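Right, one structure below, let's go through it.
Because the structure is predicted, anything quoted here is derived from the model rather than measured.
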Amino acid sequence: MKTGIFVGSFDPFTIGHASIVRRSLPLFDRIVIGVGINGRKQYMLNAEERTERIARLYAGNPKVEVKAYGDLTVDFARRERAGYIIKGVRSVKDFEYEREQADINRRLSGIETILLYADPQLESISSSMVRELRHFGQDITGFLPEGY
């Protein structure tokens, strides 16, 4: 079974994230969305809320699982028997960061990283931008998947 993990803080899970999952589905038999927990970060939603909301989006899809994790991504990938890490890339800045992470993850574990480029109309959407808009009282529903 070909398994990929799609990892991030997903605070919140945006339409850009949903696009990456949708485009990854034909590539894998199983996708595990890994909701990262980092004690040094301050989140809008706690890990349980983020995990539950994303799981609700994919409740009807047997190929998708959602799990929280708080250790190294490669350790999470090993537990899930994933051979691939799925990452979305919006810009050159994202590309450089993800390239470095992919190199380290491959050195540590042999696990490959698959980069999917953001749909052009979604390139400017980020979780931090959505949190900022929410902070200033703006309607963010257009940036979130329906049902989130």
Side-chain angles (χ1 to χ4, degrees), residues 2-28 30-55 57-58 63-80 82-148:
K2 193 182 303 180
T3 299
I5 60 167
F6 179 43
V7 296
S9 60
F10 304 125
D11 186 38
F13 189 84
T14 69
I15 56 176
H17 296 129
S19 171
I20 297 297
V21 173
R22 178 183 48 78
R23 292 167 48 216
S24 298
L25 283 168
L27 304 174
F28 297 96
R30 176 176 169 252
I31 295 175
V32 181
I33 299 173
V35 178
I37 303 168
N38 180 340
R40 295 175 298 210
K41 273 187 158 183
Q42 188 171 21
Y43 295 106
M44 180 176 82
L45 301 169
N46 67 41
E48 185 176 321
E49 290 171 312
R50 290 179 281 145
T51 302
E52 286 175 2
R53 286 180 180 209
I54 299 167
L57 292 174
Y58 296 99
K63 289 178 68 170
V64 179
E65 299 173 31
V66 184
K67 299 180 180 184
Y69 76 101
D71 54 344
L72 287 175
T73 297
V74 294
D75 293 333
F76 177 64
R78 284 185 190 119
R79 278 195 310 281
E80 295 303 321
Y84 303 90
I85 299 168
I86 305 161
K87 298 297 285 193
V89 177
R90 294 171 296 147
S91 65
V92 171
K93 181 180 165 185
D94 283 355
F95 177 81
E96 283 300 321
Y97 175 78
E98 296 301 346
R99 184 190 57 76
E100 290 173 4
Q101 292 298 304
D103 181 49
I104 296 301
N105 289 335
R106 189 175 45 253
R107 286 177 189 228
L108 290 173
S109 67
I111 296 171
E112 290 291 343
T113 299
I114 305 275
L115 299 179
L116 294 179
Y117 294 97
D119 286 330
Q121 69 272 22
L122 303 177
E123 286 177 348
S124 63
I125 298 172
S126 68
S127 292
S128 56
M129 180 272 302
V130 173
R131 285 192 309 272
E132 178 109 356
L133 290 172
R134 180 177 179 256
H135 174 78
F136 286 104
Q138 297 297 308
D139 179 13
I140 59 172
T141 54
F143 301 106
L144 305 175
E146 190 176 323
Y148 182 80

**Asked** Going through the checks in order, is the side-chain contact (heavy atoms from CB on, under 4.5 Å) test met by Lys67 and Phe76?
**Response** CA-CA 10 Å; Lys67 299 180 180 184; Phe76 177 64; 4.2 Å; yes
**Request:** Go through the steps for Ser24 and Phe6 under the test side-chain contact (heavy atoms from CB on, under 4.5 Å), then give the verdict.
**Result:** CA-CA 9 Å; Ser24 298; Phe6 179 43; over 6 Å; no
**Message:** Testing the basics here: between Ile5 and Ala82, what is the closest heavy-atom pair and its distance to 0.1 Å?
**Reply:** CG2-CB, 3.6 Å
**Complete:** Here the salt bridge (Lys or Arg N to Asp or Glu O under 4.0 Å) pairs for residues 32-50, sequence neighbours left out, are none
**Request:** Sort out for me which residue in Leu116, Ile33, Ile31 forms a side-chain contact (heavy atoms from CB on, under 4.5 Å) with Ile20.
**Result:** Leu116
**Asked** Under the 3.5 angstrom rule, does the side chain of Ser19 hit a backbone N or O of Ile15 as a donor-acceptor pair?
**Response** no
**Asked** Considering only heavy atoms from C-beta outward, does the side chain of Glu65 approach that of Tyr58 to under 4.5 Å?
**Response** no
**Prompt:** Between CZ of Arg30 and CG of Leu25, what distance do you get to the nearest 0.5 Å?
**Reply:** 13.0 Å
**Request:** Of all the heavy-atom pairs spanning Leu57 and Gly147, show the shortest one and how long it is.
**Result:** CD2-C, 3.8 Å
**Request:** Using the side-chain contact (heavy atoms from CB on, under 4.5 Å) rule, take Lys93 and Tyr97 through it: C-alpha gap first, then chi angles, then the decisive distance, then the call.
**Result:** CA-CA 6 Å; Lys93 181 180 165 185; Tyr97 175 78; over 6 Å; no
**Prompt:** Just by distance, do the side chain of Ser127 and the backbone of Pro12 share a donor-acceptor pair under 3.5 Å?
**Reply:** yes
**Message:** Just to verify, which of Phe10, Tyr148, Phe143 counts as forming a ring pair (Phe, Tyr, Trp, His ring centres under 6.0 Å) with His17?
**Reply:** Phe10
**Message:** Give me each pair satisfying salt bridge (Lys or Arg N to Asp or Glu O under 4.0 Å) with a member in residues 106-130, each pair once, sequence neighbours excluded.
**Reply:** Arg22-Asp119, Arg23-Asp119, Asp103-Arg106, Asp103-Arg107, Arg106-Glu112
**Item:** Any pair counted as side chain to side chain donor-acceptor pair (under 3.5 Å), so long as it reaches residues 135-147, sequence neighbours left out
**Value:** Asp139-Thr141
**Which atom of Gly83 lies closest to which atom of Ile111, heavy atoms considered** = O-CG2, 3.5 Å
**Asked** From Glu100 CD over to Thr113 OG1, what is the distance, rounded to the nearest 0.5 angstrom?
**Response** 12.5 Å
**Fill in**
CZ of Arg134 to CG of Leu144, rounded to nearest 0.5 Å, is 10.0 Å
**Asked** With distance as the sole test, does Asp11 use its side chain to make a donor-acceptor pair with the main-chain N or O of Leu45 at under 3.5 Å?
**Response** yes
**Asked** Side chain of Lys63, backbone of Phe28: donor and acceptor closer than 3.5 Å?
**Response** yes
**Asked** Do Arg90 and Phe95 come within less than 4.5 Å of each other through their side chains, counting heavy atoms only?
**Response** no
**Asked** Val66 and Val35: which non-hydrogen atoms are nearest, and at how many Å?
**Response** CG1-CG2, 3.9 Å
**Message:** As a quick check of understanding, evaluate side-chain contact (heavy atoms from CB on, under 4.5 Å) for Asp94 and Val89, giving each step before the final call.
**Reply:** CA-CA 5 Å; Asp94 283 355; Val89 177; 3.9 Å; yes
**Prompt:** Quick one: NZ on Lys87 to CZ on Arg99, what's the gap to the nearest 0.5 Å?
**Reply:** 15.0 Å
**Message:** So, taking the atom named CG in Leu122 and the one named OG1 in Thr14, what distance separates them when rounded to the nearest 0.5 Å?
**Reply:** 7.5 Å
**Item:** CZ (Arg78) with more than 12 external heavy atoms under 6.0 Å
**Value:** yes
**Item:** Donor-acceptor under 3.5 Å (Tyr69 side chain, Ala77 main chain)
**Value:** no
**Prompt:** Looking only at heavy atoms, what is the nearest atom pair of Ala68 and Ile37, with distance?
**Reply:** CB-CD1, 3.8 Å
